[in-house]
A.B. asks: 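I'd like to ask some things about the structure below.
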Amino acid sequence: GIRNTRNDRRLARTAADEDSTLARYFASVPENWDHFMGVFYRLGPKNPKRPKIQSGQVVTIAYTARFLEDGRLFDDTYSTKQPLTFRLGDPGQVIKGLEIAVHLLPDGGKGRFIIPSALAFGAEGSSSRIVPPWTPVLYDVEVTEASEVAPLTLLKDSAVGTH
């Protein structure tokens, strides 16, 4: 009874906090943001005219990650010199919002992405406890490398080898 009600209130309050953080941010910036699958974005003005990254491609990204509320940096692959490489579409590689973000970029492309908690670290926050629950995050992402799209049939054939 009582414990559940208190917990529900806390969760409702923090979800509302996230909504007000997003509303305050958008009210404070002059530019308009586009929206795709729950992620707000602005693409770099000089992005190469190449096809967007597709599921199945192995992609390497460099990024900075900040708290939307105060701009504090919590992750930065430039300073660690450790860009992130993963196959787009494989489960559990990156937060969902980052996957959506990469789908909007070409190889060599850059963008800025606001990722609500539902597509980031959620109602639990990050496992490292760095990102609190219900926290929208701001990622500046650059695709530094992307593999060609390999048709699945070719992959299957090459795995078989010669007869």
Side-chain angles (χ1 to χ4, degrees), residues 7-48 50-147:
N7 207 25
D8 292 347
R9 253 203 314 271
R10 183 179 59 81
L11 291 178
R13 181 181 56 79
T14 53
D17 286 346
E18 176 173 20
D19 291 342
S20 64
T21 295
L22 286 163
R24 273 195 310 274
Y25 181 84
F26 289 121
S28 74
V29 293
E31 64 269 359
N32 288 321
W33 288 72
D34 292 307
H35 190 253
F36 178 69
M37 292 181 68
V39 171
F40 300 93
Y41 71 94
R42 296 187 43 123
L43 299 181
K46 296 191 170 104
N47 276 349
R50 295 188 188 125
K52 290 180 170 57
I53 307 292
Q54 296 176 34
S55 290
Q57 283 183 273
V58 175
V59 62
T60 300
I61 61 172
Y63 63 85
T64 57
R66 301 175 180 279
F67 296 109
L68 184 65
E69 196 153 20
D70 60 11
R72 253 180 330 122
L73 195 66
F74 67 85
D75 197 2
D76 177 1
T77 65
Y78 295 100
S79 67
T80 62
K81 297 190 175 22
Q82 292 184 320
L84 179 63
T85 301
F86 61 99
R87 182 186 304 276
L88 190 59
D90 282 6
Q93 300 288 300
V94 294
I95 59 171
K96 190 74 184 143
L98 209 45
E99 200 169 284
I100 293 166
V102 171
H103 272 291
L104 292 165
L105 293 170
D107 188 1
K110 292 181 179 183
R112 173 167 270 198
F113 303 91
I114 294 173
I115 305 174
S117 67
L119 297 170
F121 301 98
E124 302 294 311
S126 62
S127 55
S128 64
R129 296 279 171 251
I130 293 171
V131 181
W134 300 104
T135 303
V137 290
L138 175 69
Y139 275 77
D140 284 296
V141 178
E142 174 183 8
V143 176
T144 58
E145 198 177 333
S147 69

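Quick note: numbers below take in every heavy atom, side chains included, and nothing from hydrogens, waters or symmetry partners.
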A.B. asks: Side-chain contact test, heavy atoms from C-beta onward, threshold under 4.5 Å: evaluate it for Tyr139 versus Val137 and give yes or no.
C.D. replies: yes
A.B. asks: Could you go through the side-chain contact (heavy atoms from CB on, under 4.5 Å) check for Val58 and Phe86 one step at a time?
C.D. replies: CA-CA 6 Å; Val58 175; Phe86 61 99; over 6 Å; no
A.B. asks: Please report the closest heavy-atom contact between Arg87 and Gly56, naming both atoms and the distance.
C.D. replies: NH1-O, 2.9 Å
A.B. asks: To the nearest 0.5 Å, tell me how far Thr64 OG1 sits from Asp140 CG.
C.D. replies: 4.0 Å
A.B. asks: Please report the shortest heavy-atom distance between Thr144 and Ala62, naming the atom on each side.
C.D. replies: CG2-CB, 4.1 Å
A.B. asks: Which distance, rounded to the nearest 0.5 Å, do you find between the OH of Tyr63 and the CZ of Arg112?
C.D. replies: 16.0 Å
A.B. asks: Name the residue from Val141, Thr60, Val94, Asp75 that meets the side chain to side chain contact (heavy atoms under 4.5 Å, CB included) definition with Leu84.
C.D. replies: Val94
A.B. asks: Could you tell me which non-hydrogen atom of Glu124 sits nearest to which non-hydrogen atom of Pro133, and how far apart they are?
C.D. replies: O-CG, 3.8 Å
A.B. asks: Identify the heavy atoms of Asp107 and Pro48 that sit nearest to each other, and give their distance.
C.D. replies: O-CG, 3.4 Å
A.B. asks: Give the ring-plane orientation class for Phe40 versus His35, where under 30° counts as parallel, over 60° as perpendicular and anything between as tilted.
C.D. replies: tilted
A.B. asks: Counting N and O atoms only, with roles assigned by atom type, does the side chain of Glu142 sit under 3.5 Å from a partner on the main chain of Lys110, one being a donor and the other an acceptor?
C.D. replies: no
A.B. asks: In Å, rounded to the nearest 0.5 Å, how long is the span from NE2 of His103 to CD of Gln57?
C.D. replies: 9.5 Å
A.B. asks: Is it the case that the side chain of Ser117 and the backbone of Ala123 share a donor-acceptor pair, with hydrogens and angles ignored and the cut-off at 3.5 Å?
C.D. replies: no
A.B. asks: Shortest non-hydrogen contact from Thr77 to Pro83?
C.D. replies: CB-CA, 4.0 Å
A.B. asks: Rounded to the nearest 0.5 Å, how far apart are CD of Glu69 and CG of Asp17?
C.D. replies: 7.5 Å
A.B. asks: Side chains of Glu99 and Leu88, heavy atoms from C-beta outward: is any pair under 4.5 Å?
C.D. replies: yes
A.B. asks: Can you tell me how far the OH atom of Tyr41 sits from the CD1 atom of Ile115, to the nearest 0.5 Å?
C.D. replies: 13.5 Å
A.B. asks: Counting C-beta onward and ignoring hydrogens, is there a side-chain heavy-atom pair between Phe67 and Thr135 closer than 4.5 Å?
C.D. replies: yes
A.B. asks: Quick check on side chain to side chain contact (heavy atoms under 4.5 Å, CB included): which of Val102, Leu119, Leu104, Leu138 does Phe113 satisfy it with?
C.D. replies: Leu104
A.B. asks: Using 30° and 60° as the class limits, which term best fits the ring planes of Tyr25 and Trp33: parallel, tilted or perpendicular?
C.D. replies: perpendicular
